[in-house]
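For reference, the structure is listed below as C-alpha coordinates.
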Amino acid sequence: MKKLLLGNTAFARGLYEGGCRFVSSYPGTPSTEITEEAALYDDIYAEWAPNEKVAMEAAIGASVAGARAFCGMKHVGLNVAADPLYTAAYTGVNGGLVIAVADDPGMHSSQNEQDSRHHAIASKVPMLEPSDSQECKDFVVEAFDISEKFDAPVIVRMSTRIAHSQSIVDCCDRQERELLEYKKDPQKYVMMPANAKGRHVFVEERTLKLTELAEVSPLNRTEINSGTKTGVITSGAAYQYAKEALGDTVSYLKLGIVNPLPVKLIQDFAAKFDTVYVIEELDDVIETHCKKIGVNVKGKELFGFIGELSQTIIAEKLLGKKAEFESLDENIPVRPPVMCAGCPHRGVFYALSKNKITVSGDIGCYTLGAVAPLNAMDTTICMGASVSALHGFNKVRGKEAEKRSVAVIGDSTFMHSGITGLVNIAYNATNSTVIVLDNSITGMTGHQQNPTTGKNLKGDPAAAVNLEELCRAVGINRVRVVDPYKLEETEKAILEELEADAPSVIISRRPCALLKYVKHNAPLKTDTDKCKGCKMCLKLGCPAISMKDGKAVINHTQCVGCGICEELCKFDAIVNQ
(Lines give C-alpha, C1' and ligand atoms only; values in the text may rest on other atoms or scores of the structure.)
Protein backbone atom coordinates (compact mmCIF):
# COMPACT_ATOMS: atom_id res chain seq x y z
CA MET A 1 0.00 0.00 0.00
CA LYS A 2 1.50 3.31 -1.11
CA LYS A 3 0.85 6.57 0.71
CA LEU A 4 2.06 10.15 0.46
CA LEU A 5 3.62 10.81 3.87
CA LEU A 6 5.58 13.46 5.70
CA GLY A 7 9.01 12.29 6.74
CA ASN A 8 7.94 12.35 10.40
CA THR A 9 4.76 10.38 9.64
CA ALA A 10 6.81 7.84 7.70
CA PHE A 11 9.22 7.59 10.62
CA ALA A 12 6.29 6.76 12.91
CA ARG A 13 5.16 4.16 10.37
CA GLY A 14 8.62 2.63 10.61
CA LEU A 15 8.25 2.42 14.38
CA TYR A 16 4.96 0.59 13.90
CA GLU A 17 6.24 -1.77 11.21
CA GLY A 18 9.44 -2.42 13.15
CA GLY A 19 7.56 -3.73 16.18
CA CYS A 20 8.20 -0.81 18.50
CA ARG A 21 6.25 -1.10 21.75
CA PHE A 22 7.33 1.94 23.78
CA VAL A 23 7.76 5.62 22.84
CA SER A 24 8.81 8.44 25.17
CA SER A 25 9.72 11.89 23.85
CA TYR A 26 9.65 15.59 24.52
CA PRO A 27 8.14 17.77 21.76
CA GLY A 28 10.60 19.82 19.75
CA THR A 29 10.26 21.15 16.21
CA PRO A 30 11.00 19.57 13.76
CA SER A 31 10.71 16.20 15.52
CA THR A 32 7.33 16.52 17.26
CA GLU A 33 5.06 14.78 14.76
CA ILE A 34 6.97 11.49 14.99
CA THR A 35 5.66 10.86 18.48
CA GLU A 36 2.21 12.32 17.79
CA GLU A 37 1.83 9.98 14.80
CA ALA A 38 3.21 7.00 16.72
CA ALA A 39 0.55 7.58 19.40
CA LEU A 40 -2.15 6.88 16.79
CA TYR A 41 -1.11 3.22 16.65
CA ASP A 42 -2.80 1.14 19.34
CA ASP A 43 0.11 -1.32 19.33
CA ILE A 44 2.51 1.39 20.55
CA TYR A 45 2.48 2.94 24.01
CA ALA A 46 3.44 6.62 23.61
CA GLU A 47 4.00 9.41 26.13
CA TRP A 48 5.30 12.94 26.52
CA ALA A 49 8.00 13.01 29.18
CA PRO A 50 8.83 16.18 31.17
CA ASN A 51 12.12 16.53 29.26
CA GLU A 52 14.42 14.69 26.86
CA LYS A 53 16.65 13.22 29.58
CA VAL A 54 13.66 11.60 31.27
CA ALA A 55 12.36 10.40 27.90
CA MET A 56 15.71 8.83 27.02
CA GLU A 57 15.98 7.13 30.40
CA ALA A 58 12.43 5.75 30.10
CA ALA A 59 13.18 4.39 26.64
CA ILE A 60 16.40 2.81 27.93
CA GLY A 61 14.40 1.15 30.71
CA ALA A 62 11.91 -0.23 28.21
CA SER A 63 14.76 -1.54 26.08
CA VAL A 64 16.39 -3.26 29.06
CA ALA A 65 12.99 -4.83 29.79
CA GLY A 66 13.09 -6.44 26.34
CA ALA A 67 10.90 -4.15 24.24
CA ARG A 68 11.79 -2.29 21.09
CA ALA A 69 11.76 1.33 22.24
CA PHE A 70 12.03 4.82 20.78
CA CYS A 71 12.88 8.31 21.98
CA GLY A 72 12.54 11.46 19.84
CA MET A 73 13.77 15.04 20.16
CA LYS A 74 15.23 17.99 18.29
CA HIS A 75 18.96 18.67 18.14
CA VAL A 76 19.19 20.80 21.29
CA GLY A 77 17.12 18.18 23.09
CA LEU A 78 19.91 15.68 22.51
CA ASN A 79 22.13 17.92 24.62
CA VAL A 80 19.69 17.41 27.49
CA ALA A 81 19.61 13.65 26.88
CA ALA A 82 23.36 13.28 26.32
CA ASP A 83 24.04 12.01 29.84
CA PRO A 84 22.00 8.79 29.54
CA LEU A 85 22.88 8.40 25.84
CA TYR A 86 26.64 8.27 26.38
CA THR A 87 26.32 5.65 29.10
CA ALA A 88 23.72 3.64 27.17
CA ALA A 89 26.39 3.38 24.47
CA TYR A 90 28.36 1.36 27.03
CA THR A 91 25.52 -0.72 28.45
CA GLY A 92 24.06 -1.48 25.06
CA VAL A 93 20.49 -2.70 24.75
CA ASN A 94 18.21 -5.68 25.15
CA GLY A 95 15.29 -4.76 22.93
CA GLY A 96 16.25 -2.46 20.07
CA LEU A 97 16.58 1.21 20.99
CA VAL A 98 16.14 3.88 18.29
CA ILE A 99 16.62 7.59 18.91
CA ALA A 100 15.47 10.31 16.53
CA VAL A 101 17.29 13.62 16.55
CA ALA A 102 16.01 16.32 14.20
CA ASP A 103 18.57 18.94 13.23
CA ASP A 104 17.48 22.39 12.10
CA PRO A 105 19.83 23.79 9.42
CA GLY A 106 18.84 27.39 8.85
CA MET A 107 17.48 27.66 12.41
CA HIS A 108 13.83 27.82 11.39
CA SER A 109 12.74 27.22 14.99
CA SER A 110 15.90 26.90 17.05
CA GLN A 111 18.43 28.93 18.99
CA ASN A 112 21.47 27.31 17.41
CA GLU A 113 22.49 25.27 14.40
CA GLN A 114 24.44 22.39 15.92
CA ASP A 115 25.27 19.25 13.95
CA SER A 116 24.11 16.18 15.87
CA ARG A 117 26.54 13.90 14.07
CA HIS A 118 29.09 15.03 16.64
CA HIS A 119 27.02 13.41 19.39
CA ALA A 120 27.02 10.12 17.50
CA ILE A 121 30.78 10.28 17.03
CA ALA A 122 31.46 11.26 20.64
CA SER A 123 29.08 8.70 22.15
CA LYS A 124 30.30 6.03 19.69
CA VAL A 125 26.88 4.89 18.56
CA PRO A 126 25.73 4.26 14.99
CA MET A 127 23.80 7.00 13.18
CA LEU A 128 21.64 6.64 10.07
CA GLU A 129 20.45 9.55 7.92
CA PRO A 130 17.46 9.16 5.57
CA SER A 131 16.94 11.41 2.55
CA ASP A 132 13.20 10.96 1.88
CA SER A 133 10.05 9.60 3.49
CA GLN A 134 10.53 6.05 2.19
CA GLU A 135 13.96 5.95 3.74
CA CYS A 136 12.60 7.42 6.97
CA LYS A 137 10.37 4.39 7.31
CA ASP A 138 12.87 1.82 6.07
CA PHE A 139 15.81 3.18 8.07
CA VAL A 140 13.83 2.93 11.32
CA VAL A 141 13.14 -0.76 10.74
CA GLU A 142 16.80 -1.28 9.83
CA ALA A 143 17.89 0.71 12.89
CA PHE A 144 16.04 -1.67 15.21
CA ASP A 145 17.77 -4.63 13.59
CA ILE A 146 21.19 -2.98 13.84
CA SER A 147 20.51 -2.05 17.45
CA GLU A 148 19.78 -5.61 18.49
CA LYS A 149 22.49 -7.20 16.31
CA PHE A 150 25.27 -4.89 17.50
CA ASP A 151 23.97 -4.26 21.04
CA ALA A 152 23.83 -0.49 20.60
CA PRO A 153 21.40 2.40 20.65
CA VAL A 154 20.98 3.72 17.10
CA ILE A 155 20.40 7.39 16.27
CA VAL A 156 18.46 8.36 13.15
CA ARG A 157 19.33 11.90 12.11
CA MET A 158 16.45 13.86 10.65
CA SER A 159 16.44 17.46 9.47
CA THR A 160 13.74 20.07 9.02
CA ARG A 161 13.37 19.47 5.27
CA ILE A 162 13.25 15.67 5.51
CA ALA A 163 10.93 15.74 8.54
CA HIS A 164 8.44 18.11 6.91
CA SER A 165 8.59 17.11 3.24
CA GLN A 166 6.29 14.54 1.65
CA SER A 167 7.06 11.67 -0.68
CA ILE A 168 5.59 8.30 -1.60
CA VAL A 169 6.00 5.49 0.93
CA ASP A 170 5.32 1.81 0.40
CA CYS A 171 3.70 0.71 3.68
CA CYS A 172 3.98 -2.85 5.00
CA ASP A 173 2.54 -4.92 7.83
CA ARG A 174 3.80 -4.75 11.39
CA GLN A 175 6.54 -7.15 12.42
CA GLU A 176 5.24 -8.14 15.83
CA ARG A 177 8.05 -8.74 18.32
CA GLU A 178 7.68 -10.61 21.59
CA LEU A 179 9.37 -9.16 24.65
CA LEU A 180 12.91 -10.43 24.88
CA GLU A 181 13.85 -12.15 28.12
CA TYR A 182 15.32 -9.87 30.76
CA LYS A 183 18.36 -11.37 32.48
CA LYS A 184 20.06 -9.77 35.45
CA ASP A 185 23.53 -8.77 34.24
CA PRO A 186 25.30 -6.17 36.43
CA GLN A 187 28.49 -6.30 34.34
CA LYS A 188 26.47 -5.07 31.36
CA TYR A 189 24.01 -2.65 32.94
CA VAL A 190 25.57 -1.36 36.17
CA MET A 191 28.06 1.26 35.05
CA MET A 192 30.33 1.53 38.05
CA PRO A 193 33.97 2.02 37.00
CA ALA A 194 35.02 -1.62 37.16
CA ASN A 195 32.20 -2.68 34.83
CA ALA A 196 32.43 0.39 32.59
CA LYS A 197 36.08 -0.33 31.81
CA GLY A 198 35.13 -3.69 30.36
CA ARG A 199 32.22 -2.21 28.42
CA HIS A 200 34.49 0.43 26.88
CA VAL A 201 36.51 -2.38 25.33
CA PHE A 202 33.25 -3.76 23.95
CA VAL A 203 32.33 -0.33 22.51
CA GLU A 204 35.61 -0.04 20.60
CA GLU A 205 35.28 -3.57 19.23
CA ARG A 206 31.69 -2.81 18.25
CA THR A 207 32.79 0.30 16.36
CA LEU A 208 35.12 -1.82 14.23
CA LYS A 209 32.27 -4.21 13.43
CA LEU A 210 29.94 -1.32 12.59
CA THR A 211 32.58 0.11 10.26
CA GLU A 212 32.64 -3.24 8.47
CA LEU A 213 28.86 -3.00 8.18
CA ALA A 214 29.16 0.49 6.68
CA GLU A 215 31.45 -0.89 3.97
CA VAL A 216 28.85 -3.33 2.66
CA SER A 217 25.44 -2.10 3.83
CA PRO A 218 22.94 -1.18 1.09
CA LEU A 219 22.18 1.92 3.18
CA ASN A 220 25.39 3.27 1.62
CA ARG A 221 25.10 3.12 -2.15
CA THR A 222 26.89 4.34 -5.25
CA GLU A 223 25.21 5.77 -8.35
CA ILE A 224 27.71 5.71 -11.17
CA ASN A 225 26.78 7.67 -14.29
CA SER A 226 28.89 6.65 -17.29
CA GLY A 227 31.31 9.19 -18.67
CA THR A 228 31.35 11.35 -15.56
CA LYS A 229 34.67 12.62 -14.20
CA THR A 230 33.26 14.10 -11.01
CA GLY A 231 32.11 12.30 -7.89
CA VAL A 232 29.88 13.62 -5.11
CA ILE A 233 29.80 12.17 -1.61
CA THR A 234 26.68 13.25 0.24
CA SER A 235 23.84 12.30 2.60
CA GLY A 236 20.38 13.29 3.79
CA ALA A 237 18.70 16.38 2.36
CA ALA A 238 21.95 17.42 0.67
CA TYR A 239 21.66 14.32 -1.54
CA GLN A 240 18.28 15.48 -2.81
CA TYR A 241 19.58 18.99 -3.51
CA ALA A 242 22.61 17.60 -5.35
CA LYS A 243 20.50 15.26 -7.49
CA GLU A 244 18.17 18.08 -8.53
CA ALA A 245 20.97 20.52 -9.24
CA LEU A 246 23.51 18.21 -10.91
CA GLY A 247 21.44 15.32 -12.28
CA ASP A 248 23.48 12.70 -14.12
CA THR A 249 26.41 15.02 -14.84
CA VAL A 250 28.17 13.54 -11.80
CA SER A 251 28.25 10.22 -9.93
CA TYR A 252 27.20 9.82 -6.32
CA LEU A 253 28.15 8.01 -3.15
CA LYS A 254 25.03 8.40 -1.06
CA LEU A 255 25.72 7.65 2.60
CA GLY A 256 22.86 6.36 4.73
CA ILE A 257 25.15 5.34 7.61
CA VAL A 258 26.87 8.53 8.71
CA ASN A 259 28.55 7.05 11.79
CA PRO A 260 30.77 5.16 11.64
CA LEU A 261 31.74 6.13 8.11
CA PRO A 262 33.21 3.54 5.72
CA VAL A 263 36.83 3.72 4.60
CA LYS A 264 37.40 1.43 1.63
CA LEU A 265 34.03 2.25 0.08
CA ILE A 266 34.92 5.94 0.01
CA GLN A 267 38.47 5.32 -1.20
CA ASP A 268 37.30 3.05 -4.04
CA PHE A 269 34.60 5.53 -5.10
CA ALA A 270 36.95 8.50 -5.09
CA ALA A 271 39.59 6.64 -7.12
CA LYS A 272 37.22 6.57 -10.11
CA PHE A 273 37.05 10.37 -10.54
CA ASP A 274 39.26 13.36 -11.28
CA THR A 275 37.45 15.53 -8.74
CA VAL A 276 35.40 14.59 -5.70
CA TYR A 277 33.11 16.96 -3.79
CA VAL A 278 31.59 16.41 -0.37
CA ILE A 279 28.17 18.06 -0.09
CA GLU A 280 26.87 18.02 3.48
CA GLU A 281 24.85 20.39 5.63
CA LEU A 282 26.40 22.14 8.62
CA ASP A 283 29.80 20.78 9.70
CA ASP A 284 32.55 19.06 7.72
CA VAL A 285 32.08 15.61 9.25
CA ILE A 286 32.26 13.55 6.05
CA GLU A 287 34.87 15.86 4.53
CA THR A 288 37.19 15.55 7.53
CA HIS A 289 36.83 11.78 7.50
CA CYS A 290 37.71 11.66 3.79
CA LYS A 291 40.85 13.72 4.29
CA LYS A 292 41.82 11.62 7.29
CA ILE A 293 41.77 8.45 5.18
CA GLY A 294 43.78 10.05 2.36
CA VAL A 295 40.97 11.03 -0.01
CA ASN A 296 41.36 14.50 -1.51
CA VAL A 297 37.97 16.21 -1.62
CA LYS A 298 36.52 19.69 -1.93
CA GLY A 299 33.72 20.80 0.34
CA LYS A 300 33.37 23.53 2.90
CA GLU A 301 35.65 25.95 1.07
CA LEU A 302 32.77 26.10 -1.42
CA PHE A 303 29.67 25.57 0.68
CA GLY A 304 30.55 26.95 4.10
CA PHE A 305 29.32 25.95 7.54
CA ILE A 306 26.26 28.17 7.89
CA GLY A 307 22.62 27.52 7.03
CA GLU A 308 20.83 25.18 4.67
CA LEU A 309 22.05 24.12 1.29
CA SER A 310 19.79 24.30 -1.75
CA GLN A 311 19.68 23.32 -5.37
CA THR A 312 20.60 26.89 -6.30
CA ILE A 313 23.66 27.02 -4.05
CA ILE A 314 24.99 23.70 -5.36
CA ALA A 315 24.37 24.63 -9.00
CA GLU A 316 26.09 27.99 -8.58
CA LYS A 317 29.12 26.54 -6.80
CA LEU A 318 29.66 23.51 -9.04
CA LEU A 319 28.18 24.58 -12.38
CA GLY A 320 28.71 28.32 -12.16
CA LYS A 321 25.08 29.09 -12.94
CA LYS A 322 21.65 29.25 -11.40
CA ALA A 323 19.63 26.07 -11.47
CA GLU A 324 17.14 26.11 -14.34
CA PHE A 325 14.18 25.56 -12.04
CA GLU A 326 14.88 28.81 -10.19
CA SER A 327 12.78 31.46 -11.93
CA LEU A 328 11.51 33.68 -9.11
CA ASP A 329 13.58 36.87 -8.96
CA GLU A 330 11.19 39.07 -6.98
CA ASN A 331 12.05 40.02 -3.42
CA ILE A 332 9.30 38.60 -1.26
CA PRO A 333 8.61 40.71 1.85
CA VAL A 334 9.69 39.09 5.08
CA ARG A 335 6.86 38.19 7.45
CA PRO A 336 8.34 38.37 10.94
CA PRO A 337 6.88 36.14 13.66
CA VAL A 338 4.65 37.81 16.21
CA MET A 339 2.64 36.78 19.25
CA CYS A 340 -0.93 35.97 18.27
CA ALA A 341 -3.86 38.31 18.81
CA GLY A 342 -5.10 37.69 22.33
CA CYS A 343 -1.86 36.00 23.43
CA PRO A 344 -1.96 35.91 27.25
CA HIS A 345 1.75 36.73 27.43
CA ARG A 346 1.31 40.17 25.86
CA GLY A 347 0.09 41.91 29.02
CA VAL A 348 3.05 40.62 31.06
CA PHE A 349 5.58 41.74 28.48
CA TYR A 350 3.96 45.14 28.12
CA ALA A 351 4.20 45.68 31.89
CA LEU A 352 7.85 44.57 31.88
CA SER A 353 8.72 46.78 28.92
CA LYS A 354 6.90 49.80 30.33
CA ASN A 355 8.84 49.57 33.59
CA LYS A 356 12.18 48.90 31.87
CA ILE A 357 12.72 45.66 33.75
CA THR A 358 15.59 43.35 32.79
CA VAL A 359 14.13 40.05 31.59
CA SER A 360 15.95 36.71 31.64
CA GLY A 361 14.06 34.84 28.93
CA ASP A 362 13.48 31.23 27.96
CA ILE A 363 12.54 28.96 25.05
CA GLY A 364 8.95 29.05 23.85
CA CYS A 365 6.51 31.08 21.80
CA TYR A 366 6.85 33.76 24.47
CA THR A 367 10.42 34.34 23.23
CA LEU A 368 8.64 36.62 20.75
CA GLY A 369 8.40 39.09 23.63
CA ALA A 370 11.94 40.00 22.59
CA VAL A 371 10.85 41.59 19.30
CA ALA A 372 9.50 45.07 18.59
CA PRO A 373 7.52 46.85 19.78
CA LEU A 374 7.71 45.15 23.19
CA ASN A 375 11.49 44.48 23.16
CA ALA A 376 10.97 42.92 26.57
CA MET A 377 13.68 40.29 26.82
CA ASP A 378 17.40 40.53 27.50
CA THR A 379 18.64 36.94 27.21
CA THR A 380 17.47 33.59 25.85
CA ILE A 381 19.89 30.68 26.15
CA CYS A 382 18.27 27.28 26.52
CA MET A 383 15.36 25.49 28.15
CA GLY A 384 15.18 26.46 31.81
CA ALA A 385 18.10 28.89 31.69
CA SER A 386 15.94 31.91 32.49
CA VAL A 387 15.55 30.92 36.13
CA SER A 388 19.14 29.84 36.75
CA ALA A 389 20.58 32.81 34.84
CA LEU A 390 18.47 35.27 36.82
CA HIS A 391 19.93 33.86 40.05
CA GLY A 392 23.48 34.30 38.77
CA PHE A 393 22.73 37.78 37.45
CA ASN A 394 21.28 38.88 40.77
CA LYS A 395 24.06 37.30 42.85
CA VAL A 396 26.64 39.32 40.95
CA ARG A 397 24.80 42.65 40.66
CA GLY A 398 23.21 42.62 44.09
CA LYS A 399 20.11 44.10 45.69
CA GLU A 400 19.51 46.78 43.11
CA ALA A 401 19.37 44.16 40.31
CA GLU A 402 16.96 42.04 42.34
CA LYS A 403 14.49 44.94 42.27
CA ARG A 404 14.78 45.44 38.50
CA SER A 405 15.10 41.91 37.06
CA VAL A 406 12.78 38.95 36.47
CA ALA A 407 12.82 35.58 34.74
CA VAL A 408 9.99 34.49 32.43
CA ILE A 409 9.35 30.84 31.65
CA GLY A 410 6.41 28.86 30.25
CA ASP A 411 4.59 26.16 32.17
CA SER A 412 5.92 23.33 30.00
CA THR A 413 9.46 24.72 30.02
CA PHE A 414 9.26 25.15 33.80
CA MET A 415 8.42 21.45 34.11
CA HIS A 416 11.16 20.60 31.59
CA SER A 417 14.08 22.23 33.40
CA GLY A 418 13.00 25.31 35.34
CA ILE A 419 12.24 23.60 38.65
CA THR A 420 15.85 22.94 39.58
CA GLY A 421 16.72 26.57 38.87
CA LEU A 422 13.97 27.64 41.24
CA VAL A 423 15.33 25.26 43.88
CA ASN A 424 18.68 26.99 43.43
CA ILE A 425 17.09 30.41 44.00
CA ALA A 426 15.50 29.20 47.23
CA TYR A 427 18.51 27.20 48.43
CA ASN A 428 21.21 29.77 47.62
CA ALA A 429 19.05 32.76 48.50
CA THR A 430 18.54 35.50 45.97
CA ASN A 431 15.45 37.65 46.12
CA SER A 432 14.67 36.72 42.52
CA THR A 433 11.25 37.04 40.91
CA VAL A 434 10.23 34.31 38.48
CA ILE A 435 7.16 34.71 36.28
CA VAL A 436 5.68 31.42 35.08
CA LEU A 437 3.70 32.11 31.90
CA ASP A 438 1.06 29.42 32.35
CA ASN A 439 -0.93 29.16 29.12
CA SER A 440 -2.08 25.62 30.01
CA ILE A 441 -0.38 23.91 27.07
CA THR A 442 2.95 23.44 25.30
CA GLY A 443 2.37 26.21 22.78
CA MET A 444 5.67 26.47 20.94
CA THR A 445 5.45 23.07 19.26
CA GLY A 446 1.75 22.99 18.47
CA HIS A 447 -0.34 22.42 21.61
CA GLN A 448 1.03 19.29 23.23
CA GLN A 449 -0.02 18.30 26.73
CA ASN A 450 2.44 18.58 29.63
CA PRO A 451 2.49 17.55 33.29
CA THR A 452 0.52 20.67 34.35
CA THR A 453 -2.45 20.23 32.00
CA GLY A 454 -4.17 17.20 33.55
CA LYS A 455 -4.09 15.22 30.28
CA ASN A 456 -1.58 12.81 28.75
CA LEU A 457 -0.44 12.49 25.14
CA LYS A 458 -3.62 10.71 24.11
CA GLY A 459 -5.82 13.30 25.87
CA ASP A 460 -6.80 10.98 28.70
CA PRO A 461 -7.05 12.33 32.27
CA ALA A 462 -3.71 12.40 34.07
CA ALA A 463 -2.22 13.74 37.29
CA ALA A 464 -1.72 17.50 37.06
CA VAL A 465 1.15 19.26 38.80
CA ASN A 466 -0.08 22.13 40.97
CA LEU A 467 2.39 24.90 40.22
CA GLU A 468 1.55 26.94 43.32
CA GLU A 469 2.10 24.00 45.67
CA LEU A 470 5.23 22.92 43.80
CA CYS A 471 6.81 26.36 44.14
CA ARG A 472 6.03 26.47 47.84
CA ALA A 473 7.36 22.94 48.30
CA VAL A 474 10.82 23.90 46.99
CA GLY A 475 11.04 26.83 49.41
CA ILE A 476 9.32 29.79 47.72
CA ASN A 477 6.89 31.33 50.22
CA ARG A 478 5.68 34.22 48.05
CA VAL A 479 3.54 32.72 45.27
CA ARG A 480 0.69 34.57 43.59
CA VAL A 481 -1.49 34.09 40.52
CA VAL A 482 -2.51 36.86 38.13
CA ASP A 483 -4.69 37.13 35.05
CA PRO A 484 -2.54 38.75 32.32
CA TYR A 485 -5.66 40.12 30.61
CA LYS A 486 -5.97 42.40 33.67
CA LEU A 487 -3.14 44.77 32.89
CA GLU A 488 -3.23 46.91 36.03
CA GLU A 489 -3.39 43.87 38.31
CA THR A 490 -0.48 42.22 36.49
CA GLU A 491 1.75 45.29 36.64
CA LYS A 492 0.97 45.84 40.32
CA ALA A 493 1.90 42.22 41.15
CA ILE A 494 5.23 42.46 39.30
CA LEU A 495 6.26 45.69 41.01
CA GLU A 496 5.25 44.43 44.45
CA GLU A 497 7.20 41.18 44.12
CA LEU A 498 10.26 43.01 42.88
CA GLU A 499 10.17 45.16 46.02
CA ALA A 500 9.74 42.19 48.35
CA ASP A 501 12.74 41.11 50.38
CA ALA A 502 12.25 37.43 49.47
CA PRO A 503 12.27 35.19 46.39
CA SER A 504 8.90 35.01 44.68
CA VAL A 505 6.95 33.40 41.87
CA ILE A 506 4.17 35.04 39.87
CA ILE A 507 2.02 32.63 37.88
CA SER A 508 0.48 34.44 34.93
CA ARG A 509 -2.42 32.12 34.16
CA ARG A 510 -4.59 32.36 31.07
CA PRO A 511 -4.95 29.60 28.42
CA CYS A 512 -3.47 30.03 24.95
CA ALA A 513 -5.85 32.01 22.75
CA LEU A 514 -5.54 29.41 19.98
CA LEU A 515 -6.84 26.48 22.01
CA LYS A 516 -10.05 25.26 20.42
CA TYR A 517 -11.94 24.97 23.69
CA VAL A 518 -11.19 28.54 24.81
CA LYS A 519 -14.23 30.80 24.54
CA HIS A 520 -13.45 34.36 23.48
CA ASN A 521 -15.27 37.63 24.00
CA ALA A 522 -16.77 39.49 21.06
CA PRO A 523 -14.17 41.42 19.04
CA LEU A 524 -13.62 45.07 19.89
CA LYS A 525 -13.80 48.07 17.56
CA THR A 526 -12.53 51.64 17.46
CA ASP A 527 -14.77 54.67 18.00
CA THR A 528 -13.14 56.87 15.38
CA ASP A 529 -14.68 60.01 16.88
CA LYS A 530 -12.81 59.40 20.13
CA CYS A 531 -9.59 58.01 18.67
CA LYS A 532 -6.80 60.61 18.73
CA GLY A 533 -4.38 58.56 16.65
CA CYS A 534 -1.86 58.52 19.52
CA LYS A 535 -0.78 54.96 18.61
CA MET A 536 -0.61 53.93 22.26
CA CYS A 537 -2.47 50.72 21.39
CA LEU A 538 0.22 49.82 18.84
CA LYS A 539 2.74 49.49 21.66
CA LEU A 540 1.14 46.14 22.50
CA GLY A 541 2.28 44.66 19.19
CA CYS A 542 -1.10 43.02 18.62
CA PRO A 543 -1.48 41.94 14.98
CA ALA A 544 -5.21 42.74 15.11
CA ILE A 545 -4.51 46.48 15.51
CA SER A 546 -3.32 48.75 12.70
CA MET A 547 -3.61 52.41 11.65
CA LYS A 548 -5.70 53.73 8.77
CA ASP A 549 -6.19 57.40 7.96
CA GLY A 550 -4.63 58.33 11.29
CA LYS A 551 -7.02 56.21 13.33
CA ALA A 552 -6.61 52.84 15.03
CA VAL A 553 -8.40 49.97 13.28
CA ILE A 554 -9.15 46.58 14.85
CA ASN A 555 -9.44 43.54 12.57
CA HIS A 556 -12.55 41.78 13.87
CA THR A 557 -11.48 38.45 12.34
CA GLN A 558 -8.35 38.40 14.51
CA CYS A 559 -9.50 40.15 17.67
CA VAL A 560 -10.53 37.84 20.53
CA GLY A 561 -11.77 40.61 22.82
CA CYS A 562 -9.04 40.20 25.41
CA GLY A 563 -9.50 43.84 26.42
CA ILE A 564 -5.86 44.79 27.01
CA CYS A 565 -5.94 47.52 24.37
CA GLU A 566 -9.24 48.76 25.80
CA GLU A 567 -7.62 49.09 29.21
CA LEU A 568 -4.64 50.86 27.69
CA CYS A 569 -6.57 53.48 25.70
CA LYS A 570 -6.79 56.75 27.65
CA PHE A 571 -9.56 58.16 25.45
CA ASP A 572 -12.05 55.25 25.73
CA ALA A 573 -11.87 54.92 21.97
CA ILE A 574 -11.81 51.12 21.99
CA VAL A 575 -15.30 49.74 22.64
CA ASN A 576 -17.43 46.63 22.22
CA GLN A 577 -18.95 45.88 18.83
T207 and E204: side chain donor to acceptor below 3.5 Å: no
Charged N-O contact under 4.0 Å between D284 and K298: no
Check against salt bridge (charged side-chain N to carboxylate O under 4.0 Å, His left out), E223 and K243: CA-CA 11 Å; E223 299 174 18; K243 287 282 285 186; 2.8 Å; yes
From I409 atom CD1 to D362 atom CG, the distance as rounded to the nearest 0.5 Å: 4.0 Å
V80 side chain near M383 side chain, heavy-atom distance below 4.5 Å: no
All ring-ring contact (aromatic ring centres under 6.0 Å, His included) counterparts of Y45, not counting sequence neighbours: F22
K137/E135 ion pair, N-O < 4.0 Å: no
Any K124 side-chain heavy atom under 4.5 Å of H200 side chain: yes
Heavy-atom side-chain contact between L128 and I155 under 4.5 Å: no
Spacing of I168 atom CD1 and D132 atom CG [to the nearest 0.5 Å]: 11.0 Å
Salt bridge (charged side-chain N to carboxylate O under 4.0 Å, His left out) between D145 and K149, intermediate numbers included: CA-CA 6 Å; D145 292 340; K149 180 177 180 180; over 6 Å; no
Salt-bridge present (K53, E57; N to O < 4.0 Å): yes
Over 12 foreign heavy atoms within 6.0 Å of CG, D460: yes
Q449 (side chain) donor-acceptor with G459 (main chain) under 3.5 angstrom: no
Salt bridge (charged side-chain N to carboxylate O under 4.0 Å, His left out) between E287 and K291, intermediate numbers included: CA-CA 6 Å; E287 180 180 346; K291 292 176 178 177; 2.9 Å; yes
Candidate pair E244 and Y239, rule side chain to side chain donor-acceptor pair (under 3.5 Å), full reasoning: CA-CA 9 Å; E244 290 188 40; Y239 166 75; over 6 Å; no
Lys NZ or Arg CZ of K300 over F305 ring: under 6.0 Å, within 45°: yes
Side chain proximity check, V276 to V232, heavy atoms < 4.5 angstrom: no
Nearest heavy atoms of L514 and H447, plus distance in Å: CB-CE1, 3.6 Å
Expected output: side-chain S110 to main-chain M107 donor-acceptor under 3.5 Å: no
Under the side chain to side chain contact (heavy atoms under 4.5 Å, CB included) test, residues paired with Y86 that sit two or more places apart: A82, H119, A122, S123
Presence of salt bridge, D151 and R199, under 4.0 angstrom: yes
Flag, side chain of N439 to backbone of G410, donor-acceptor distance under 3.5 Å: no
Side-chain (K74) to main-chain (T29) donor-acceptor, under 3.5 angstrom: yes
Y277/Y252 aromatic ring centres below 6.0 Å: no
Spatial distance of atom OG (S147) from atom CG (L97) [nearest 0.5 Å]: 5.5 Å
Interatomic distance, N112 atom CG to D104 atom CG [nearest 0.5 angstrom]: 9.0 Å
Side-chain ion pair, D115 and R157, N-O less than 4.0 Å: yes
Residue L208 excluded, over 12 heavy atoms near CG under 6.0 Å: yes
Option from K188, M191, K197 for which side chain to side chain contact (heavy atoms under 4.5 Å, CB included) with Y90 holds: M191
Lys/Arg cation over aromatic Y16: R13, 6.0 Å, 45° cone: no
Residues, nucleotides or ligands: over 12 heavy atoms within 6.0 Å of D170 CG: yes
K229 NZ: over 12 foreign heavy atoms closer than 6.0 Å: no
Partners passing ring-ring contact (aromatic ring centres under 6.0 Å, His included) against H75 (at least two apart in sequence or in another chain): none
Side-chain ion pair, R68 and E148, N-O less than 4.0 Å: yes
Side-chain H-bond candidate by donor/acceptor type, T312 with Y241, under 3.5 Å: no
E178 atom CD: more than 12 heavy-atom contacts under 6.0 Å: no
Residue pair R117, E280: steps toward the salt bridge (charged side-chain N to carboxylate O under 4.0 Å, His left out) verdict: CA-CA 11 Å; R117 291 178 294 177; E280 57 186 325; 2.7 Å; yes
